[in-house]
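Some notes on the structure that comes next.
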Amino acid sequence: MAAACDVYAQRRSWIMGNAEQYARKMPEPLKEADVYTDYRKMLERNDIDAVVVATHDPNHMPVSIAAMESGKHVYCEKPMTRYLDEAFKVHDAVKRTKRVFQVGSQGCSAGAWHKAAELIQGGKIGQLVWAQGYYCRNKKKGEWNYTIEKESSPETIDWKKWLGPVPDRPFSADAFHRWRKYYPYCGGLLGDLVPHRLHPLMLATGKPEFPTRVTSIGTKSVHTDRLTPGTPERDVPEHVQLSAEFPSGLLLTISSSSVNAKSPGFVIYGHQATLEIGDSGDKMQMIPEREFSDDFEGLTDNERKDMTIEPLKGLQAEDIRMHEKNWFDCIRSGKAPNANIDLAIRVQTVISLSEMAERYKITCLFDEKTRKVTTSDGKEVKPLAYDMV
């Protein structure tokens, strides 16, 4: 670690006060001159090869693009951007600068998803039919109601820098610490939890596509925020379900909840067989369809072992350290990382169209050539933007 940047004085003090724990990972601890308030100043340094963008969602695009244009590689937390137009700007910047860009959806570095892609592209389960995924939690006091630190104030937080492209508004410590609850800063479950499932599920197809049709429904009926007096009500739903259709005919559904933690599991259905994948991405079982069972008879021991044993030995489980390592390895080798820009732009398109569909209460059709969103009657839909929330 060469430097750090944060708009909150408390965080800058923290990394200086805790520098000793990083010392064993660095030639020497960070000095005061290595801790910044303005990321642009940090990016002027020539001794930085790569950056991690762990800001709130609205600053993902400007920081990522500025970093790449200054010659740095980027690991950007999910979602790739807040809105769809920003995602294409990042996509175009990656292609232009040829930097290594990785989205922080660590499931993409788990082994089962890559094994699934190998089997699917090898025709082992037949034509893809549909896939399903889940990310569910449940907290009495409501998801993302994090502690509001007493030190949070306009004097300790550079509010305008934190807002970034979000239109100016009065300082709010609640928004600063609990931003995932509010539309100006986040799409809620669609922006925070759903990407963790979309990235690996779309990776597993072996040939991720842009969606042609997306719809989504969200509800907010439990009102968990009301269980804690004085806690502002969230903008975003507490439960969402999205469905996406792709040119190949694949249908993909994901459910995400903050009010019930039960998750049925991850399944990819083919015409000839089904793949069941473990939550951590280190287990997979292939289940032939009865009508096609004859096609799976006569397999050699190696073929049967390769396709049906659960768990598959040697598969890496979901691990953020492995995902970071994949990014570093690709910086050194020049290869595309597991959550690369070609996957990420397709995933972000599904996420953004899902939010539009849920909030506008419509079904969104997408044309990847024109990058336009329309309804079924051909009317163009204006994508969500900062001046609309």
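Note that the coordinates shown come from a computational prediction; the quantities given were computed from them, not determined experimentally.
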| field | Backbone of Thr349 reached by a side-chain donor or acceptor of Ser352 within 3.5 Å | value | no
| message | Please check: side-chain N/O of Thr147 versus main-chain N/O of Glu149, any donor-acceptor pairing under 3.5 Å? | response | no
All ring-ring contact (aromatic ring centres under 6.0 Å, His included) counterparts of [X], not counting sequence neighbours:
{"X": "His223", "result": "none"}
{"X": "His323", "result": "Tyr75"}
{"X": "Tyr36", "result": "none"}
{"X": "Tyr135", "result": "His196"}

| Nearest heavy-atom neighbours spanning Gln272 and Gly123 | OE1-O, 4.4 Å
| Is the Lys NZ or Arg CZ of Arg371 less than 6.0 Å from the centre of Phe210's six-membered ring, within 45° of the axis? | no
| task | Would you please indicate if the ring centroids of Phe292 and His271 are separated by under 6.0 Å? | result | yes
| query | Trp162 and Phe171: aromatic ring centres closer than 6.0 Å? | reply | no
Donor + acceptor pair across side chains of [X], [Y] (<3.5 Å):
{"X": "Tyr360", "Y": "Glu355", "value": "no"}
{"X": "Lys181", "Y": "Asn145", "value": "yes"}
{"X": "Glu318", "Y": "Ser109", "value": "no"}
{"X": "Asp377", "Y": "Thr375", "value": "yes"}
{"X": "Tyr8", "Y": "Ser152", "value": "yes"}
{"X": "Asp319", "Y": "Gln106", "value": "no"}

| Path from Tyr39 to Trp159 over hydrophobic side-chain contacts below 4.5 Å | yes
Just verifying a value: how many Å separate [X] [atom1] and [Y] [atom2], rounded to the nearest 0.5 Å?
{"X": "Cys5", "Y": "Asp34", "atom1": "SG", "atom2": "CG", "answer": "12.0 Å"}
{"X": "Ser13", "Y": "Asp6", "atom1": "OG", "atom2": "CG", "answer": "10.5 Å"}
{"X": "Ile287", "Y": "Tyr269", "atom1": "CD1", "atom2": "OH", "answer": "9.0 Å"}
{"X": "Leu242", "Y": "Leu252", "atom1": "CG", "atom2": "CG", "answer": "7.0 Å"}

| query | Can you name the side-chain contact (heavy atoms from CB on, under 4.5 Å) partners of His239, sequence neighbours left out? | reply | Thr219, Gln241, Ser257
| request: Among residues two or more places apart or on two chains, list those pairs meeting salt bridge (charged side-chain N to carboxylate O under 4.0 Å, His left out) that have a residue in residues 236-258. | output: Arg213-Glu245
| task | Check step by step if salt bridge (charged side-chain N to carboxylate O under 4.0 Å, His left out) holds for Asp342 and Lys95. | result | CA-CA 10 Å; Asp342 293 322; Lys95 299 298 184 179; 2.9 Å; yes
| query | With side chains defined as the heavy atoms from C-beta onward, is the minimum distance between Met80 and Phe101 less than 4.5 Å? | reply | yes
